[in-house]
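This report refers to the structure that appears directly beneath it.
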There are 2 protein chains.
Amino acid sequence: MSEPRTPGLRAQSVYRALRRAIIEQALKPGMKLPEDSIGEQLGVSRTLVREAFNRLSVEGLVELKPNKGASVAYPTLEEARDVFEVRRGLERLVAENLAGRLTPAQAAELEEHVRQEEKAHGQDGPESIRLSGEFHIKLAEMTGNALLLRYVQESSSRCSLILAIYGRPHSSECAVSEHRQLIDALRAGDAAKAAQLMDHHLQSVVTRALLSPRTEPDLRDALSRYALSEGLTPP
Amino acid sequence: MSEPRTPGLRAQSVYRALRRAIIEQALKPGMKLPEDSIGEQLGVSRTLVREAFNRLSVEGLVELKPNKGASVAYPTLEEARDVFEVRRGLERLVAENLAGRLTPAQAAELEEHVRQEEKAHGQDGPESIRLSGEFHIKLAEMTGNALLLRYVQESSSRCSLILAIYGRPHSSECAVSEHRQLIDALRAGDAAKAAQLMDHHLQSVVTRALLSPRTEPDLRDALSRYALSEGLTPP
DNA sequence: GTAAAAGGTATTGTATGCGATTATCCAACA
DNA sequence: TGTTGGATAATCGCATACAATACCTTTTAC
């Protein structure tokens, strides 16, 4: 029952744990992240926690303010639009890259994935959200372009954060039918159509989920963002 | 004459110093980066050096192998193509975003920049290379999209590394005329043409510089990359 | 002479310690 | 009551310390 003795792996574990916790909203946007307590919770020293914070900060999932420590990122609406714009561009690239190059095995894998999405569509637990995100990651993986994959993953994570803040309660899932259409275009080798479908698909996710910021139920929540960004400290 | 007392700034300084050193090839691709000698050189402890390494590793400028430390990244030709492909996609996005949105002041700034490029074109010192890189950074800045800027900067840095390895001696500069054409298209508001020009521009950089890997002057250099990737340790 | 083993040195992974900065709380005062 | 001040506690930035691993050299066996 010993801890992972493999060196460098514990650091990675901390990073992964925090990353998942943020994306799944166990750690909510804006939440303070004290090094000590998190290290204690995870059974590591502050050193490794700081290391994870640094990586997460590069990826835009945590904010790091000098002498004030880390907190889960709380993107502004403007940052949100930036992220979506970049993601659209990246995924358009994915679509173009993949059009006509999809092996039968890959196409089958994607269709199986969509089938799972359909099944999970009824009970919209976290499962449905996770699956629709993974569809896009799978596509990026299939390009074989490691950098493209990393960027898609990163912007995808940030989209999760953004939807957690500004999205309507259950709107973050992609339309399954749009995924199907995309696969068809990819298999047909129609790069332009695939790119356009992807573009439209992501655009519609934004308009469905983001364009109408939900009315903040809690004044405190509504204001804390602005307070924090000004260096104030609401109770 | 005290060191910068501002907290977090020394860490940033280390990061910046190493970053510049790598891009300007003071630290050559594949070079080993021992934590304590670098820390000693920069007057900081290993802690801050490691922090910088982590950030640089996320950005693909250093490789970090468990228990074996850091070294300046040595991208394979395959990784190189990946980076260029992503960069093309990103900069196409920049061009589309900017088309028709350029303020007169911005257009003037770009033209002034191109003029400088022209002037420096004669003596192809590092100045010329730096300027042609900065042109693209300037464009990305003008989009006002922070994430897009970061990605362009990152892929741009990696391109520098790649050209340092595989590029012909003095081929890494962009064609100034292509920059001019691009500005014109942006000012005319022709998004499609701007995107196409940018695409072609970056493509031609690749073919000019990358497609014919220069003959390695040194056997040791030629092999060290493969040796290292196999865990061997050449003298 | 080559190859394997052993020992010592260098370098990394992680924890901890110390000074500095910031946050919290409570009392004194208007 | 509300706010101002300051002492105390919590937290961060960075350096250092120690353990574990890799590296290099020398020795030893065949």
Side-chain angles (χ1 to χ4, degrees), chain A residues 2-18 27 30-58 62-73 220 224 227-235, chain B residues 2-18 27 30-58 62-73 220 224 227-235:
Chain A
S2 64
E3 300 296 316
R5 279 267 155 265
T6 326
L9 200 133
R10 291 202 295 159
Q12 188 121 348
S13 299
V14 174
Y15 162 75
R16 283 180 178 283
L18 290 176
L27 299 172
M31 189 176 282
K32 190 97 202 316
L33 300 173
E35 297 171 356
D36 276 336
S37 39
I38 288 185
E40 202 171 343
Q41 197 73 20
L42 271 56
V44 300
S45 75
R46 293 195 299 132
T47 305
L48 298 193
V49 177
R50 284 177 69 90
E51 198 173 313
F53 283 172
N54 274 309
R55 291 185 60 179
L56 291 166
S57 131
V58 173
V62 318
E63 278 172 28
L64 230 44
K65 291 185 193 163
N67 272 324
K68 303 198 29 194
S71 52
V72 180
R220 215 162 72 159
S224 66
L228 286 170
S229 76
E230 295 298 331
L232 309 173
T233 93
Chain B
S2 61
E3 300 295 316
R5 280 267 154 265
T6 327
L9 199 134
R10 289 204 296 158
Q12 188 120 347
S13 299
V14 175
Y15 162 76
R16 283 180 178 282
L18 290 176
L27 299 172
M31 189 176 281
K32 189 98 203 312
L33 300 174
E35 294 173 357
D36 40 11
S37 42
I38 287 184
E40 202 171 342
Q41 197 72 19
L42 273 54
V44 299
S45 76
R46 293 200 298 132
T47 305
L48 297 193
V49 177
R50 285 177 68 89
E51 197 173 314
F53 283 172
N54 273 311
R55 291 185 59 179
L56 291 166
S57 133
V58 172
V62 318
E63 278 172 29
L64 230 43
K65 291 184 192 164
N67 273 322
K68 300 194 42 190
S71 51
V72 179
R220 211 161 75 154
S224 67
L228 286 171
S229 76
E230 295 299 330
L232 308 173
T233 94

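By convention in this document, chain letters (A, B, ...) are assigned in the order of the sequence lines, proteins followed by strands, and residues within each chain are numbered from 1. Just so we're clear, the structure is a prediction, and the values are computed from it rather than from any experiment. When reading the values below, keep in mind they use all heavy atoms of this one structure, side chains included, and skip hydrogens, waters and symmetry mates.
Side-chain contact between B:E51 and B:V14 is absent, with no heavy atoms from C-beta onward closer than 4.5 Å. With contacts defined as side-chain heavy-atom distances shorter than 4.5 Å, the pair A:Q12/A:R55 qualifies.
Atom pair A:R50:CZ and C:dT14:P shows a separation of 16 Å (rounding to whole Å applied). Atom CG in B:L42 sits roughly 15 Å away from atom C1' in D:dA15 (whole-Å rounding). What separates CZ of A:F53 from C1' of D:dG13 is a distance of 14 Å, to the nearest Å. Distance, A:D36 CG to C:dG17 P: 12 Å, rounded to whole Å. Rounded to an integer number of Å, the gap from NZ of A:K32 to C1' of C:dT24 is 13 Å. Separating the CG atom of B:L64 from the P atom of C:dT12 is a distance of 10 Å, rounded to the nearest angstrom. For the pair B:E40 CD and C:dT12 P, the computed distance is 13 Å after rounding to whole Å. We find that NZ of B:K68 is positioned 14 Å from P of C:dT11, with the value rounded to whole Å.
Taking for each of B:P34 and A:L48 the nucleotide of DNA chain C with the nearest heavy atom, the 5'-most of the two is the partner of B:P34. Residue-to-nucleotide proximity on DNA chain D shows that, of A:T47 and A:G69, the 5′-proximal contact is made by A:G69.
Nearest approach of A:A17 to A:L42, heavy atoms of both residues: CB-CD2, 4.3 Å. The minimum heavy-atom distance between A:S57 and A:L64, with the atom names listed, is CB-CD2, 3.8 Å. Contact between A:K68 and A:K32 at its shortest, heavy atoms only, is O-CE, 3.1 Å. Summarising the geometry of B:G30 relative to B:S71, their closest heavy-atom pair is O-CB, 3.9 Å, with the distance given to 0.1 Å. Between A:R10 and A:L48, the shortest heavy-atom distance links the atoms CB-CD1, 4.1 Å.
Among B:L27, B:V62, B:L18, B:L56, the one residue that satisfies the side-chain contact (heavy atoms from CB on, under 4.5 Å) test with B:V72 is B:L27.
In this structure, the helix from C:dG1-D:dC30 to C:dA30-D:dT1 shows an angle of 10° between the axis at its start and the axis at its end, each fitted on 5 base pairs and rounded to 10°.
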Every protein N/O lying under 3.5 Å from an N/O of nucleotides 17-19 of chain D:
unit_1: D:dA17; atom_1: N6; unit_2: B:R46; atom_2: NH2; d: 3.1

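Between C:dA15 and A:S45, a contact under 4.0 Å exists linking OP1 or OP2 to a side-chain N or O.
In this structure, the separation between OG on B:S37 and CZ on B:R46 is 11.0 Å, given to the nearest 0.5 Å.
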